[in-house]
Protein chains: 2
Amino acid sequence: MSNEHNESLTLETNAFEYFEAAKDRFLPGISADAVILGYDGQHIKVLLLKAQVDDIWMLPGGFIEKEYDLDIAVHRIVKARTGLEELYFQQFKLFGKSDRNAHKQEHLKKFQELSSAAHEWVNQRFITVGYFALVHIEDVEPKPDLFTDICEWVALDQIPPLILDHQEIIDAALTNLRRQLNYLPVGINLLPERFTMSQFQNLYEEILKQKLDRGNFQRKMLKLDILIRHEKLKSGGAHKAPYLYEFDKEKYHEKVRNGIGFI
Amino acid sequence: MSNEHNESLTLETNAFEYFEAAKDRFLPGISADAVILGYDGQHIKVLLLKAQVDDIWMLPGGFIEKEYDLDIAVHRIVKARTGLEELYFQQFKLFGKSDRNAHKQEHLKKFQELSSAAHEWVNQRFITVGYFALVHIEDVEPKPDLFTDICEWVALDQIPPLILDHQEIIDAALTNLRRQLNYLPVGINLLPERFTMSQFQNLYEEILKQKLDRGNFQRKMLKLDILIRHEKLKSGGAHKAPYLYEFDKEKYHEKVRNGIGFI
DNA sequence: ACTCATTGTGTTCATTTGACAAAATAAGGG
DNA sequence: CCCTTATTTTGTCAAATGAACACAATGAGT
């Protein structure tokens, strides 16, 4: 086992090598950041990383390999943090303000001893493309990357100060998600295999930040004819046990294709 | 007046200089393309350019100045082609396929004698960010750019073969436009100051590619309370003259802010 | 004055929405 | 074991919306 000092050394060595090789491996001046969203039955959460060299938090991100499509690079980034091979993700915006890495140099002062090639790489102007991903939170094993020591789920109302414009990126992702909510397969990608109607409704209430009528929500979803009703929930709650539901995936995706209409 | 040979020489000299200076002026590896849309009372049209050196058509586009925001570069591009200072435009997607400039080298073979710096610029991998703009077609004076000799409005169903993935970019713009139609100020940006209800309806039918019920459309729009009714249309048509309408801009934008609900 | 294509307004019926109430159900406490 | 309680499920009903169609008004041309 390595002690902290060794780990730190290893990190910096790797970071040096990483930035050194970046110019040859990656497209210049562009990065990708992923807003990875999960739902634990109570709240929407986003996967965040904490930098080793500072107390600052950030979104998972990375660069684009010269020989691959944009989507492939993003898939690699999300897979590396979550362990998930199959996932739903979608591009939503390119962030191109000219001053968006103004604060980065502050954060990267710890890397002053970078070679000039590496220094040049980290100090160029970056534009970044924002993606959001919807994942089953219980299937994820969060893994930090080269520059971070913590990777964990954070509820949307408990997000700490983030690097650069990452808070803005999260906000834009959520706005985008809300606008697409009518034709986006958000349920099938965020809920576990089997779920109660309350969980389903709460998911929409979390995203929309507004209460919905219980009876009306239930009737509407059942009428869509996309749910399979199973037997009763096991014990646990001290009240009437609800049914467990499961998506009829064929019918569900058929509805999504026709673009209508959950809310 | 210069003859064609001279113009061609001038073009190539400028193109040389342009590409030569590009590395210093612009961000590497990224371009912007604009789907500029207008409505002539009959059809949605898109502003296209025809290359001088080939019979290939393309979207207006350009590169991003190193010191400016993305949006500023796009505004400059659209303003240069249309002459418009104020306009509505919106980013909709970043196109990042690794093979998206595969055909470009074919098209640019005419520029073989470029200096190595210029050659390196045009042959790098480009990702491009797609924007769409909504403009008043009657206010536009189409102007070709350095590399093109024709700049004109083309109806959507008469688009010739386009360079690279530009057709895909147009399709994506229209899909995006349709999805936002409920909360997008499309009418105020595409229709002339005064318009008839038929024109207004036809605009939506063009975008949606589907017929709408005349009576219902009219009643719905009037009920939104965003229109000012003027006196009768002058002569011309051989039938009942329709009213002319104008947007009550304050009320219109108020509705747009609240996000509801044209269709 | 009459025709006619088009515009503006009405009517009708089915469907959806919103708000609320009632019935059903399981767990826990006496 | 019966009753309470919290929660789920289904029901009701008035109001709003949507879709399809009908009819009246208008103004240019014959």
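Throughout, a chain's letter reflects where its sequence line sits, starting with A, and its residues are numbered from 1.
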If you check the Arg229(A) side chain, which of dT10(D), dG8(C), dA5(C) turns out closest?
dT10(D)

What about Lys240(B), does its side chain sit under 3.5 Å from the base of dT7(C) through a donor-acceptor pair?
yes

Between P of dG18(C) and CD of Gln201(A), the distance in whole Å:
13 Å

Rounded to whole Å, how long is the line connecting atom CD of Glu231(B) with atom P of dT7(C)?
18 Å

Does Thr82(B) reach the main-chain N or O of Val78(B) with its side chain, forming a donor-acceptor pair under 3.5 Å?
yes

Do other residues, nucleotides or ligands put more than 12 heavy atoms under 6.0 Å from Gln180(A) CD?
yes

Value in whole Å for how far the C1' atom of dT17(C) lies from NZ of Lys223(A)
11 Å

Answer with base, sugar-phosphate or nothing: what part of the nucleic acid does Leu222(A) contact at a heavy-atom distance below 4.0 Å?
sugar-phosphate

To the nearest angstrom, how far is Asn216(A) atom CG from dA14(D) atom C1'?
13 Å

Rounded to whole Å, NE2 of His239(B) lies from P of dT30(D) at a distance of 11 Å

Leu227(B) CG to dT9(C) P, straight-line distance once rounded to whole Å
12 Å

When you check the side-chain N and O atoms of Gln167(A) and Asp171(A), is any donor under 3.5 Å from an acceptor?
yes

Under-3.5 Å donor-acceptor pair between Arg219(B) side chain and dG8(C) base
no

Step by step, work out the salt bridge (charged side-chain N to carboxylate O under 4.0 Å, His left out) result for Lys251(B) and Glu254(B).
CA-CA 5 Å; Lys251(B) 291 180 180 175; Glu254(B) 171 71 15; over 6 Å; no

Would you kindly compare Gln218(A) and Asp213(B) by the position of their nearest DNA chain D nucleotide and give the one closer to the 5′ end?
Gln218(A)

Which nucleotide in the set dT9(D), dA5(C), dG8(C) lies at the smallest distance from any side-chain heavy atom of Arg214(A)?
dT9(D)

Return the nearest nucleotide to the side chain of Pro242(B); candidates are dT9(C), dT6(C), dT7(C).
dT7(C)

Please report, rounded to the nearest Å, how far the P atom of dA5(C) is from the CE atom of Met197(B).
23 Å

Pairwise distance CH2(Trp153(B)) to CG(Leu37(B)) - rounded to 0.5 angstrom
7.5 Å

Contact class for Ser198(B) (heavy atom, under 4.0 Å): base, sugar-phosphate, or nothing?
sugar-phosphate

What is the distance, to the nearest angstrom, from the CZ atom on Phe217(A) to the P atom on dT9(D)?
12 Å

Using OP1 and OP2 only, check whether a side-chain N or O of Lys220(B) sits under 4.0 Å from dG18(D).
yes

